[in-house]
Amino acid sequence: MINIIPEAPENVAAFNATGEVTREDFENLVVPRVNQKVDEYGELNYLLYLDTDLDQFTMGAWLQDALLGLKNLTKWNRAAIVTDKQGVQNFTDIFSVVMPGEFKSFPKENLYNALYWCKNGNEVEA
C-alpha cells in the first residue's frame, strides 16, 4: 500500500510504502500525484519512504515505477529514498550517477531532513 505523506512540502510528491505495494497503488495514487507536481512546478521532487521490504512490491508495481521514471525522465529534479536497507541506499546513490537530477538515500530517522532536501536541495544543519 502507498500513502501520500501529508506533511511534505508543496513542491514534493512524497509517499510512504507499507505492506504489499501493487501496480494499482502507482496507477491510482503515485502517477496522478507526480503528474500534478510536474504540471504545477515543471519538475519532479520525489520522496519514497520504504516502510516495507522490496519483495512486497509486486512485479506490476516495479514495472509501473520504471515507466513513471522513464516518462518523466527530463523532469526529475531531486529524489530521496528513505530506508534503513543498506542495499537500497547503495543502489540509490549509484543510480544518481546515471539519471538526470539528484538522487539521494536517507536513513529512516532522517525523514524530515530528506523532505527538506527534496524541497530545496539543502540539508538541515545539525
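Values below: every heavy atom of this structure, side chains too, minus hydrogens, waters and symmetry copies. The structure presented is a predicted model; accordingly, all values stated were derived computationally and were not measured.
Checking side-chain atoms of Lys37 against main-chain N and O of Pro32 turns up no donor-acceptor pair under 3.5 Å. Side chain of Arg78 to backbone of Trp117: a donor-acceptor contact under 3.5 angstrom is found. Judged by distance alone, the side chain of Asp25 and the main-chain N or O of Thr22 form a donor-acceptor pair under 3.5 Å.
Expressed to the nearest 0.5 Å, how far OH of Tyr112 lies from CD1 of Ile5 amounts to 8.0 Å. Here Asn113 contributes atom CG and Cys118 contributes atom SG; the two are 10.0 Å apart, rounded to the nearest 0.5 Å. Once rounded to the nearest 0.5 Å, the distance linking OH of Tyr116 with CG of Asn122 reads 6.0 Å.
Using a 4.5 Å cut-off on side-chain heavy atoms (C-beta onward), Phe103 and Ile81 make no contact. Leu44 is not listed as a side-chain neighbour of Asn77, based on a closest heavy-atom distance of 4.5 Å or more. Two residues are said to be in side-chain contact when any heavy atoms from C-beta on lie closer than 4.5 Å; Leu111 and Phe106 fail this criterion.
With sequence neighbours left out, Glu109 forms a side-chain hydrogen bond (donor to acceptor under 3.5 Å, both in side chains) with no residue at all. In terms of the side-chain contact (heavy atoms from CB on, under 4.5 Å) criterion, residue partners of Pro9 (sequence neighbours excluded) are, by chain and number, Asn11, Val12, Leu115, Lys119. Residues meeting the side-chain contact (heavy atoms from CB on, under 4.5 Å) test with Asn28, sequence neighbours left out: Glu24. Listed by chain and number, the residues in a side-chain contact (heavy atoms from CB on, under 4.5 Å) with Asn3 are Met1 (sequence neighbours excluded).
Across every non-hydrogen atom of Thr18 and Val21, the tightest pair is O-CG2, 4.2 Å. When all heavy atoms of Val82 and Pro107 are compared, the closest pair comes out as CG1-O, 3.7 Å.
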Verify side-chain contact (heavy atoms from CB on, under 4.5 Å) between Phe15 and Val30, making sure each step is shown before the conclusion. CA-CA 8 Å; Phe15 305 95; Val30 175; 4.0 Å; yes

Begin from the C-alpha positions of Trp76 and Glu102 and carry the test side-chain contact (heavy atoms from CB on, under 4.5 Å) through to its verdict. CA-CA 8 Å; Trp76 284 104; Glu102 298 175 73; over 6 Å; no

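No more than 12 heavy atoms of other residues, nucleotides or ligands sit less than 6.0 Å from atom CD of Glu10.
Each of Ile4 and Tyr41 belongs to its own hydrophobic cluster when Ile, Leu, Val, Met, Phe, Trp and Tyr are linked at side-chain heavy-atom distances under 4.5 angstrom. When hydrophobic clusters are built by joining Ile, Leu, Val, Met, Phe, Trp and Tyr residues whose side-chain heavy atoms come closer than 4.5 Å, directly or via intermediates, Phe26 is grouped together with Leu29.
With Lys75 as the fixed residue, the side chain to side chain contact (heavy atoms under 4.5 Å, CB included) test singles out one of Asn35, Val38, Asn45: Val38.
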